[in-house]
Amino acid sequence: MRGPGLSRRSFVGMAGEVALAALALAGCGSGSGTTSNSANVKGGTEGGGTITAGVAYSGQDFDPATTSSALALGTNWQVVEGLYGLNRHDYSTFYELAASDPVQTAEATYEVSLREDAKFSDGSSVGADDVVSSFERAAAQGGPYAPMLAPIASVQKRDDATVVVTTTVPNFSLLKERLSIVRVTPADASADDMSQKPVGSGPWMYDSISDTAIDLVPNPNYNGGHPASDQKIHYEVLKDASARATAQQEGNTLVMEMVTDDAISQLENSGCSIDTVWGFATRFLMFNVRKSPWDNRLVRQAVMYALDTGRMISDDFAGLAEVPLGFLPQAHPNFHQASTVYQHDAQKAQDLLGQSGVTPGDVSLLTTDNEQVMAMASQVKTDLESLGFSVSVTTAVATSTYDDIDGGGDYDLLLAPGDPSCFGNDPDLLMRWWYGDDVWMQTRCPWGSSAECQQLRALMDQALAQSGDQQQQTWNACFDILADNAVLYPVLHVPTTTASWRDNPSPSGTKLKGFQGIGATGLSLLDVTTVSA
């Protein structure tokens with residue numbers, strides 16, 4: 001298979017090779033405080049320009065300790081550091097605020113030293129108190145990150161430049177990956193301040209945030225290994241897919257996320273490079289198991305078998321999606337074909353519904369305003385009505401949809417995009433995002449108090465202390481439970497497609513150096529620079 005610059009279709013590991021090399025080179029020196037620099041290179045001037053990006057999502061909560069906004073998560077990567085960063089091309093870790101790897105001092109205790117003279121963009125020094133405070137906020141009970149951080153029992157200050165991390169799992173192999181979730185902000189910063197305009201120690205800092213655009217400028221106090229080389233990163237919020245494609249084609253943006261399948265050829269013909277990377281992006285269906293008939297497993301299974309996913313793939317994704325054979329996509333290194341696979345089977349759906357004893361009635365189907373989800377909704381409606389249900393569809397922006405559900409709003413089913421791989425890609429993390437003890441299983445679904453969910457969590461905890469084939473077998477048992485119960489489950493796995501002016505200059509004469517698309521929601525712009533003629 002050809003590399004991502006030559007082929008639309010690539011996998012996470014392949015897309016990461018170039019980016020990993022760039023990170024390794026940039027990390028050779030400690031760097032120093034920096035402002036935007038430009039350099040004359042063969043074929044053009046590198047740096048000193050503006051990286052322009054067309055983004056598909058909006059967001060209002062940018063707090064690095066709580067946000068689940070696709071937009072905020074992606075922009076925070078450039079602004080707010082963790083102890084360790086996560087290379088989202090291949091999910092390896094690299095040093096951010098940590099000066100070295102954790103030093104294990106006991107079976108479940110580690111020490112991490114901080115980068116010398118690290119400062120936030122406001123000029124204040126980064127110390128152990130900031131790391132401790134940031135962990136406590138991110139791991140707070142009831143918060144969205146708490147389940148993913150459950151293997152970390154505590155982070156405590158040893159001295160101003162060192163923290164002590166205690167884990168619930170002896171010899172925890174995923175420690176750096178989990179610590180990368182915690183983005184460090186000043187201990188004295190309020191949650192409201194961080195929600196509106198986070199302060200970080202990364203190479204970029206927020207200049208302005210609005211509903212339509214976000215601007216980053218270089219952090220003059222940054223002393224890490226990945227300094228900014230341009231004057232600005234400008235994110236243009238373009239939720240309409242055709243508007244994003246037009247802006248990219250005309251060169252008003254140098255990179256765009258979430259390229260719809262009908263725009264791929266258009267952008268390729270214009271000279272854009274296309275990266276189509278398989279990660280863990282899903283379009284999922286969630287049942288409100290608090291109410292009948294969705295508390296009946298047979299009814300949920302009937303709905304899943306009724307969905308004509310093949311038609312959705314051909315009609316709405318131009319073939320760029322796959323029917324789930326398990327919780328993980330087939331490209332994932334820990335893929336397991338589940339004991340229950342929901343291939344479209346209308347007769348089986350009718351049989352299961354008959355076995356349940358349920359008489360179909362009215363269904364309220366909620367969807368977010370993701371364009372692919374909205375396209376899928378009409379087929380879901382048709383398929384449910386073929387079972388005898390009467391379906392009404394309500395579409396709203398994601399924040400409004402979830403705010404309504406969290407506030408006790410009544411609904412039956414939710415069709416939405418989901419991609420926790422922006423935090424990591426190991427099976428434990430991907431499962432804990434949805435099935436841990438937080439808002440998803442407490443309020444939205446809610447399935448957390450069921451015997452099946454308790455069994456699932458016990459197996460997840462067991463797997464964390466295992467390795468190799470034994471760990472995979474335990475995870476496989478988890479995947480079977482998820483498929484059999486189907487309370488919140490992928491309807492489709494989809495790759496993430498990104499367009500960039502990388503191999504060719506845009507109509508304005510500028511292109512990007514060092515950019516590669518990733519398999520998760522968001523744009524990774526660390527060590528990316530403009531090159532102008």
Does [X] have its ring centroid less than 6.0 Å away from the ring centroid of [Y]?
X: F287; Y: Y489; result: no
X: Y222; Y: W204; result: no
X: H226; Y: F94; result: yes

Among residues at least two apart in sequence or on other chains, which ones pass side-chain hydrogen bond (donor to acceptor under 3.5 Å, both in side chains) with [X]?
X: K119; result: none
X: S270; result: Q249
X: T246; result: none
X: T529; result: none

Taking the inter-plane angle between the rings of W434 and F280 on a 0 to 90° scale, is it parallel (under 30°), tilted (30 to 60°) or perpendicular (over 60°)?
tilted
Where does the angle between the aromatic ring planes of W433 and Y145 fall among parallel (under 30°), tilted (30 to 60°) and perpendicular (over 60°)?
tilted
Give me each pair satisfying side chain to side chain donor-acceptor pair (under 3.5 Å) with a member in residues 377-387, each pair once, sequence neighbours excluded.
Q379-D383, K381-E385
Of all residues at least two apart in sequence or in a different chain, which pass the salt bridge (charged side-chain N to carboxylate O under 4.0 Å, His left out) check with [X]?
X: E322; result: none
X: D438; result: none
X: D308; result: R311
X: D428; result: R178, R432

Does any part of the side chain of [Y], heavy atoms only, come nearer than 4.5 Å to the side chain of [X], both counted from C-beta?
X: P420; Y: L430; value: yes
X: T510; Y: W501; value: no
X: L307; Y: L285; value: yes

Expected output: side-chain [X] to main-chain [Y] donor-acceptor under 3.5 Å:
X: S400; Y: A396; value: no
X: N219; Y: G202; value: yes
X: S314; Y: G319; value: no

Considering residues at least two apart in sequence or located in another chain, which fulfil the ring pair (Phe, Tyr, Trp, His ring centres under 6.0 Å) criterion with [X]?
X: Y305; value: Y342
X: F317; value: none
X: Y411; value: none

Is it true that [X] and [Y] have a side-chain N and a carboxylate O under 4.0 angstrom from each other?
X: E46; Y: K511; result: no
X: R183; Y: E96; result: yes
X: R115; Y: E81; result: yes

Apply the side-chain contact (heavy atoms from CB on, under 4.5 Å) test between F423 and each candidate in L86, L149, L73; give the one that qualifies.
L73
With T401, which of L414, D406, D369 fulfils side-chain contact (heavy atoms from CB on, under 4.5 Å)?
L414
